[in-house]
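Quick notes on the structure that follows.
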Amino acid sequence: MGGGRKTKHGAEVAPIFHARREESSSRGEDGREEDSDSAASDTSRTAAAAPLTKADLRHLLQEIKTNMAAEFFRHLTPITESLNDLTRRTTAIEDQLDRTSTQAQTNETAISALQDQVRLLEEAQEDLNNRSRRNNIRIRGVPETVGIDMLAPTLRELFCSLLPEASPAELLLDRAHRALKAPLPNATQPRDIIIRMHYFHIKEALMRATRDNPLQIEGHQVCFYQDLAPSTLRKRRELRPLTLELARRHIRYTWGHPFKLQVRQNNRVHTLYHISEATAFAERLGLPAIDLTAEQPDRRPAGRLSPRGPTLHPTRAPPPSSPHPQPAT
């Protein structure tokens with residue numbers, strides 16, 4: 001046969017047998033593959049069905065712990081960094097608050113010391129201002145018809161009538177002028193006159209003389225007052241309810257420099273240095289509670305003044321009840 005194959009013995013085999021042989025060969029190979037797969041599957045089932053030992057459990061537990069720790073670390077790392085940042089910021093804020101608190105306490109102590117120094121300086125300045133005015137007299141009631149050119153002659157004539165024993169040389173005026181403000185067109189109260197006497201003892205003699213001798217110029221009654229610093233006048237006005245109560249009870253009092261109010265009672269001298277001490281001062285004197293915040297009416301007459309003005313002190317005339325601009329001395 002021309003289309004067949006020869007065997008090892010030289011015999012020819014028909015082609016149909018060759019196809020069957022190849023098929024069976026391939027089937028043999030496939031069978032071997034299937035057998036190997038089934039063997040591996042059986043091995044796996046056998047291993048899975050075998051019980052776990054303690055070593056296997058420890059190994060699995062260690063793996064779980066390792067995996068969980070890694071996951072926790074991965075998720076907690078940003079939170080830890082944020083907490084650390086907040087801790088640093090909180091610590092910085094607390095340190096800043098401590099420094100601020102310490103600085104505030106230091107500033108409070110320094111401010112309190114500065115306030116005391118300012119108060120002392122103000123009192124010293126007020127005292128110097130009043131001492132520079134010790135030769136000054138504030139004259140109230142001289143009509144505006146007495147011009148600036150006639151002030152000095154008019155006042156000298158007035159002083160001669162008050163102190164006839166004084167020589168013209170002793171009645172020396174350093175200066176005399178009206179209060180430094182514009183006159184009101186329809187004002188019934190003339191502007192005050194501020195004078196400076198050259199001799200202090202003459203100024204004091206004039207002040208004493210006017211307490212007992214009423215004065216008049218062109219029908220207007222004239223009063224003499226000590227020229228005081230504006231701050232002193234303000235403090236005296238604030239203590240007016242207290243001095244009115246003292247006058248009502250006929251209790252003698254005196255003003256001092258630097259600013260103070262002194263009262264002698266039962267052979268004891270009581271001194272008030274600051275307005276804040278008024279309540280305790282009144283209690284020591286047995287007076288009722290004094291309200292220094294109540295507004296006091298202006299008791300000055302609208303037209304003419306009394307010879308001594310609103311005399312509250314039994315031995316010396318009080319200052320005017322309203323402030324006036326003070327001239328430079």
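If you read the sequence from its start, that first residue is 1, and numbering goes on from there. Reckoned from all heavy atoms, side chains included, excluding hydrogens, waters and symmetry mates. What you are looking at is a predicted structure, and each value in this text was computed from that prediction instead of being measured.
Clustering ILVMFWY residues whenever any of their side-chain heavy atoms sit less than 4.5 angstrom apart, transitively, puts I148 in the very cluster that holds I193. Hydrophobic cluster membership differs between L83 and I93, with clusters built from Ile, Leu, Val, Met, Phe, Trp and Tyr side chains linked at under 4.5 angstrom. Linking ILVMFWY side-chain heavy atoms closer than 4.5 Å, directly or via other members, places M150 and V142 in a single hydrophobic cluster.
Rounded to the nearest 0.5 Å, atoms CG (L206) and NE2 (H201) are 10.0 Å apart. Note that the CG atom of L215 and the CZ atom of F224 stand 5.5 Å from one another [nearest 0.5 Å]. With values rounded to the nearest 0.5 angstrom, L86 atom CG is found 10.5 Å from T91 atom OG1. Interatomic distance, H59 NE2 to I64 CD1, rounded to the nearest 0.5 Å: 10.5 Å. Here the straight-line distance linking atom OG of S231 with atom CG of N130 works out to 6.5 Å at 0.5 Å rounding. The CG atom of L233 sits 11.5 Å away from the CD atom of E238 when rounded to the nearest 0.5 Å.
Under the 4.0 Å criterion applied to side-chain N and carboxylate O atoms, E245 and R248 are assigned as salt-bridge partners. Ion pair R74/E71 flagged as a salt bridge, since at least one NZ, NE, NH1 or NH2 atom sits closer than 4.0 Å to an Asp/Glu carboxylate oxygen.
When the shell of 6.0 Å around CD of E108 is examined, it contains 12 or fewer heavy atoms from other residues, nucleotides or ligands. Under a cut-off of 6.0 angstrom, the local environment of CZ in F200 is crowded, with over 12 non-hydrogen atoms contributed by other residues, nucleotides or ligands. The environment of R249 atom CZ is dense: over 12 non-hydrogen atoms of other residues, nucleotides or ligands sit within 6.0 angstrom. Shown here is E157, whose CD atom has no more than 12 heavy atoms of other residues, nucleotides or ligands within 6.0 Å.
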Subject >> Residue pair R131, D127: steps toward the side-chain contact (heavy atoms from CB on, under 4.5 Å) verdict >> reply: CA-CA 6 Å; R131 291 181 186 277; D127 184 47; 2.9 Å; yes

Subject >> Intermediate values then yes/no, side-chain hydrogen bond (donor to acceptor under 3.5 Å, both in side chains), R133 and N129 >> reply: CA-CA 7 Å; R133 299 167 184 259; N129 195 346; 2.7 Å; yes

**OP:** List the steps and the verdict of side-chain contact (heavy atoms from CB on, under 4.5 Å) for E126 and H257.
**Re:** CA-CA 9 Å; E126 178 183 346; H257 299 284; over 6 Å; no

**OP:** Check the pair F159, L173 against side-chain contact (heavy atoms from CB on, under 4.5 Å), reporting the backbone distance first and the verdict last.
**Re:** CA-CA 11 Å; F159 296 160; L173 274 174; 4.0 Å; yes

Subject >> Trace of the side-chain contact (heavy atoms from CB on, under 4.5 Å) decision for L242 with L261 >> reply: CA-CA 10 Å; L242 178 59; L261 176 65; 3.9 Å; yes

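Checking side-chain atoms of S101 against main-chain N and O of D98 turns up no donor-acceptor pair under 3.5 Å. Looking only at distances, a side-chain donor or acceptor of T77 sits under 3.5 Å from a matching main-chain atom of F73.
Here the closest heavy-atom approach between residue R140 and residue Y225 is recorded as CB-CE1, 4.0 Å. In this structure, R178 and V146 approach most closely via the heavy-atom pair NH2-O, 3.3 Å. Summarising the geometry of L163 relative to A205, their closest heavy-atom pair is CD1-CB, 3.8 Å, with the distance given to 0.1 Å. Closest approach of Q96 to R99, counting heavy atoms only: OE1-NH2, 2.7 Å. Across all non-hydrogen atoms, the minimal contact from L151 to A176 is CD1-O, 4.3 Å. Looking at every heavy atom in both residues, N136 comes nearest to D227 through ND2-OD2, 3.1 Å.
You'll find the side chain of Q226 reaches within 4.5 Å of the side chain of K203, heavy atoms only. A 4.5 Å side-chain heavy-atom check between L172 and I202 finds every atom pair outside the cut-off. For the pair L120 and E123, the minimum side-chain heavy-atom distance is below 4.5 Å. At a threshold of 4.5 Å between non-hydrogen side-chain atoms, the residues F259 and L228 do not count as touching. A 4.5 Å side-chain heavy-atom check between L155 and I139 finds at least one atom pair inside the cut-off. Two residues are said to be in side-chain contact when any heavy atoms from C-beta on lie closer than 4.5 Å; R191 and E144 meet this criterion. Side-chain contact between H177 and I194: present, with at least one pair of heavy atoms (C-beta onward) separated by less than 4.5 Å. Within the 4.5 Å cutoff, no side-chain heavy atoms of R156 are placed close to those of L171.
Looking only at atom types and distance, the side chain of Q103 has a donor-acceptor partner in the side chain of N107 under 3.5 Å away. With hydrogens and angles left out, the side-chain atoms of D56 and T53 include a donor and acceptor closer than 3.5 Å.
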